[in-house]
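Numbering starts at 1 and runs along the sequence shown.
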Amino acid sequence: MGPRTDDGTTPLQVDIDRGSADPLYLQLARAIERAIHDEHLTPGSRIENEVALARRLGLSRPTVRQGIQELVDKGMLVRKRGVGTQVVQAPVNRQVALTSLYDDLRTAGKAPRTEIIEYRVGRPSAEAVDRLQLAPGEQVLDLIRVRYADDEPLAVMRNTVPERIAPSRASLADSGLYASLREAGIVSVLAHERIGATVADEEHAELLDEEVGAALLTMERKSFANDGSVVEFGYHVYRASRYSFEVTLVDS
């Protein structure tokens, strides 16, 4: 990583050739991209704000904005409210398998952390009664959690679990849902999963530190134990800029 300025940003060495046929914004974008590949700019490092960069390089602010946007669109930079423009952390790539995000992050060498937004035990909705195959009078735990990787928000997870097997709030804060269930002797052996896409509304933009309208991945899952009972169902939303699913296909 190169030297940093007093405000914590990393200055860029950019040679602008005003006689070149290449647009100025593209020259800037290529210079930043080279700095990332050469590890002068490392994941998480911040670059100068547009005003300072334009002044130092003798470029117009729209030119600098367009150059930075070029790399935002390529997924190499991200703009964060109150932070500035940062080099994107290495994205999390996850095999589609019956595992928890918490366990996958630990396996990938990330530091997972969970913020519990909602932990509520109460009467189930009609959807929960149907999906969880609940008996009359059974209650459920409704969960909303934000999962962090290396202190960066990665996913918003909504899950509903039968109250009779619901983990404690403390257990969920310390580990993932599946790990908490395993500690209670409940193991998921099968799941139906649907992967899709959406864009960030105001709630998800705030929770995931994204812009409204940013691309998000979605996953719906319904999990079963080996006795056929339904363990949980959930709807998870992931930052598309930081997360991807990987599937292995076999010719049958």
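Within the 4.5 Å cutoff, side-chain heavy atoms of L132 are placed close to those of T160. For the pair L216/L208, a side-chain contact is recorded, criterion being any heavy-atom separation below 4.5 Å from C-beta on. Two residues are said to be in side-chain contact when any heavy atoms from C-beta on lie closer than 4.5 Å; V187 and L181 fail this criterion. Counting heavy atoms from C-beta outward, L41 and I32 have side chains that approach closer than 4.5 Å. Residues D150 and Y148 fail the side-chain proximity criterion, which asks for heavy atoms closer than 4.5 Å. With a 4.5 Å cut-off on side-chain heavy atoms, V231 and I186 count as touching. You'll find the side chain of V237 stays beyond 4.5 Å of the side chain of L217, heavy atoms only. In this structure, Y238 and T218 have side chains that are not in contact, with every pair of non-hydrogen atoms separated by 4.5 Å or more.
Connection of L53 to Y25 is not established within any shared hydrophobic cluster, with ILVMFWY side chains joined at heavy-atom distances below 4.5 Å, either directly or through further cluster members. Linking ILVMFWY side-chain heavy atoms closer than 4.5 Å, directly or via other members, places V199 and V72 in two distinct hydrophobic clusters. Cluster annotation: Y235 and V146 are assigned to the same hydrophobic cluster (Ile/Leu/Val/Met/Phe/Trp/Tyr, side-chain heavy-atom contacts under 4.5 Å, transitive). At a threshold of 4.5 Å between side-chain heavy atoms, the hydrophobic network of Ile, Leu, Val, Met, Phe, Trp and Tyr places L26 and I36 in two separate groups. By the criterion of side-chain heavy atoms lying less than 4.5 angstrom apart, applied directly or through intervening Ile, Leu, Val, Met, Phe, Trp or Tyr residues, I165 is grouped together with V121 in one hydrophobic cluster.
Nearest heavy-atom pair across A191 and S223 is CB-OG, 3.9 Å. A29 and L71 get closest at one heavy-atom pair: O-CD1, 3.5 Å. Here the closest heavy-atom approach between residue A166 and residue V161 is recorded as CA-CG1, 4.3 Å. Pairing each heavy atom of A128 with each of L134, the nearest pair is O-CD1, 3.9 Å.
Other residues, nucleotides and ligands place more than 12 heavy atoms under 6.0 Å from the CZ atom of R18. Surrounding CD of E203 are more than 12 heavy atoms belonging to other residues, nucleotides or ligands, all under 6.0 Å away.
The CD1 atom of I68 sits 9.5 Å away from the CD atom of E48 when rounded to the nearest 0.5 Å. D174 CG to E183 CD: the interatomic distance, rounded to the nearest 0.5 Å, is 8.5 Å. Between atom NE2 of residue H236 and atom CZ of residue R147 there is a gap of 8.5 Å, rounded to the nearest 0.5 Å. Distance check: E70 CD to R65 CZ gives 15.0 Å after rounding to the nearest 0.5 Å. A distance of 5.0 Å separates CG of L59 from CG of L57, quoted to the nearest 0.5 Å. Here the CE atom belonging to M219 is positioned 7.5 Å from the CD1 atom belonging to I195, to the nearest 0.5 angstrom.
Between the side chains of T114 and R145, not a single donor N or O lies within less than 3.5 Å of an accepting N or O. Judged purely by distance below 3.5 Å, without hydrogens or angles, the side chains of S168 and S171 never pair a donor atom with an acceptor atom.
By the ring pair (Phe, Tyr, Trp, His ring centres under 6.0 Å) test, H192 is found to be paired with F224, residues two or more places apart in sequence or in another chain being considered. Applying the side-chain contact (heavy atoms from CB on, under 4.5 Å) test to R120 and every residue at least two apart in sequence or in another chain returns E118, D142.
No option in V140, L177, L141, L143 other than L177 meets the side chain to side chain contact (heavy atoms under 4.5 Å, CB included) test with E232. Just one residue in the list Q69, E211, E210, Q86 forms a side chain to side chain donor-acceptor pair (under 3.5 Å) with R79, and that residue is Q69.
At distances below 3.5 Å, at least one donor-acceptor pair connects side-chain atoms of S180 with backbone N or O atoms of G176. The backbone N or O of H40 lies less than 3.5 Å from no partner atom in the side chain of D38, so there is not a single donor-acceptor pair. At distances below 3.5 Å, at least one donor-acceptor pair connects side-chain atoms of S45 with backbone N or O atoms of T42.
At a threshold of 4.0 Å, the pair R239-E152 counts as salt-bridged, since one of the basic side-chain nitrogens sits closer than that to a carboxylate oxygen.
Both tests pass for R131 against the ring of F233: distance under 6.0 Å to the centre and angle within 45° of the axis.
Residue pairs that meet the salt bridge (Lys or Arg N to Asp or Glu O under 4.0 Å) test with at least one member in residues 160-171, sequence neighbours left out, are E138-R164.
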**Q.** Test side chain to side chain donor-acceptor pair (under 3.5 Å) applied to D22 and Q27, step by step
**A.** CA-CA 7 Å; D22 292 334; Q27 293 185 48; 5.7 Å; no

